[in-house]
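Atoms considered below: every heavy atom in the structure, side chains included; atoms not considered: hydrogens, waters and symmetry mates.
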Amino acid sequence: MKAPKQNSIISISKLFNNAQLQLQKILFYFLLFAFGLTFGVILSFYLKNFSFNLQFAKFSFSANSTSSQFLVPNLKAEVGHIGLTEYLKLPKVMHDMDDEELLWRASMAPQIREYPFNRVPKVAFLFLAKGPVIMAPLWEKFFKGHEGLYSIYVHSSPSYNESVAESPVFRGRRIPSQEVGWGQVNMIEAERRLLANALLDFSNQRFVLLSEACIPLFNFSMVYSYLINSSQNFVMAYDEISPVGRGRYNPHMYPKITVRQWRKGSQWFEMDRDLAIEVVSDREYFPVFQKHCHGGCYADEHYLPTFVSIRFWENNSNRSLTWVDWSRRGPHPAEYQRTQVTPAFLKALRSGSLCEYNGSITNICFLFARKFPHATLERLLKFAPKVMHFNS
């Protein structure tokens, strides 16, 4: 009788165990369902909130974009594809660059010599003036009819308020300027500033420094041909063994510049593009002048002659193209009077010397002359068409 009873107990135990397992399965599935439901609710709430934020962001961006159309130009529509034309576009003459930025930009030079665009070489006329270019009416006649072959840049004192009406050819050609003192290093800074502004135009090939008291001695066609076809630069440089030459040398310039390398010359230069880039890029010799050339040193008469003689003497003619009369003793050249301006006088300036040009001897040595005060302008305007062959 024990066996059936034991079997019955075993059966009941199995049923109990099976029921317990089923209950555990049901509890597991219930917990799994509860977890899934909870996760689904949380995920649904998150996605709903994210969708709302996304829609709000889109609306906010759309609203901002709509309102910003009145504040910010459409850059894509305005700029489009940047081509060579945009790259070569010149900044306004009166720009916001300081000297450091200007010289850095002007020092850039393409290593490929051939230009991938139609380039007509131009002559850059650089006027270093206290105020207005007093000979402007004469220059107006000189430039007339030759647009596209020249550029004009004027460095006037910042204090000049343009009270004198400018002629059309000089209007808007003033560059950002600083004060300049006679014989001081800031005179060279002004010259470098003029060169740097002119170098921003890739078409400028030759560069002429002039004063407000300079005049042309030939018509534009003659001057343009003489400069564009020249194989040399025109920076006067000579060794002057006297108190006004080597006597101005500061021994503190040694060893960068020795007294044997020290040169003197006229500040009124003419140079090609390669030399102009070297001048504005000079970080070796110009700082020496800034530091040690003061007082009776007269940097404007020594910096370029010395710099060019040390580094670029092979292509330099060692002469100036601007006639100046130093026959009268003193720190300044002679100033011509009204009565001196005659056809014979102008003809003598045009062909009264002998010099070398591109390996040949010529009697055309000076293209410009100074100093001519405003009182001489009337007679110059009278004789220029006949003597200088303006408008021909």
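For Tyr357 and Tyr226, the ring centers sit closer than 6.0 Å to each other. For Trp139 and Phe372, the ring centers sit 6.0 Å or farther from each other. In this structure, the ring of Phe127 has its center no less than 6.0 angstrom from the ring center of Tyr153.
Annotation for Glu179: atom CD counts as buried by contact number, over 12 foreign heavy atoms lying within 6.0 Å. Heavy-atom neighbours of Lys122 NZ from other residues, nucleotides or ligands within 6.0 Å: above the threshold of 12. The number of heavy atoms from other shown groups lying within 6.0 Å of OH (Tyr115) is above 12.
There is no side-chain donor-acceptor pair under 3.5 Å between Asn363 and Ser351. In this structure, a donor-acceptor pair under 3.5 Å is present between the side chains of Glu240 and Ser242. Side-chain contact check for His302 and Arg248: at least one donor-acceptor pair (N or O, by modelled atom type) lies under 3.5 Å. Defined by atom type and a distance below 3.5 Å, a donor-acceptor pair is missing between the side-chain atoms of Ser157 and Lys130. A donor and an acceptor atom, one from each side chain of His155 and Asn197, are nowhere located under 3.5 Å apart.
Salt-bridge formation is detected for the pair Asp239/Arg246: a Lys NZ or Arg NE/NH1/NH2 atom is positioned less than 4.0 Å from an Asp or Glu carboxylate oxygen.
Both tests do not hold together for Arg311 against Tyr285: distance to the six-membered ring centre under 6.0 Å, angle to the ring axis within 45°.
The shortest heavy-atom contact between Arg370 and Ser211 is NE-OG, 3.2 Å. Asn204 and Arg119 get closest at one heavy-atom pair: O-NH2, 4.2 Å. Residue Glu356 comes nearest to Arg319 through the heavy atom pair O-NH2, 3.2 Å, listed as atom of the first residue, atom of the second, then distance. Scanning both residues, Leu199 and Arg273, for their nearest heavy atoms gives O-NH2, 2.7 Å.
Trp104 belongs to a hydrophobic cluster whose remaining members, ordered by chain and number, are Met108; membership requires side-chain heavy atoms of ILVMFWY residues under 4.5 Å apart, directly or through intermediates. Met236 shares a hydrophobic cluster with Tyr238; the chain of contacts runs through ILVMFWY side chains whose heavy atoms sit under 4.5 Å apart.
Residues Gln178 and Arg193 have side chains in contact (heavy-atom distance under 4.5 Å, counting atoms from C-beta outward). No side-chain heavy atom of Pro305 sits less than 4.5 Å from a side-chain heavy atom of Lys264.
For Cys214, there are no disulfide bond (SG atoms under 2.5 Å apart) partners at least two apart in sequence or on another chain.
Distance check, rounded to the nearest 0.5 Å: CG of Leu209 to CG of Leu195 gives 7.5 Å. Between the NZ atom in Lys347 and the NZ atom in Lys386 there is a gap of 6.5 Å [rounded to 0.5 Å]. Put simply, CG on Leu304 and OG on Ser320 are 11.0 Å apart, with the number rounded to the nearest 0.5 Å. Note that CD of Gln261 and OH of Tyr249 are 8.0 Å apart. Values are rounded to the nearest 0.5 Å. The line from CD1 of Ile188 to CZ of Phe286 is 6.5 Å long, rounded to the nearest 0.5 Å. In this structure, Leu103 CG and Ser281 OG are separated by 8.0 Å, a value rounded to the nearest 0.5 Å.
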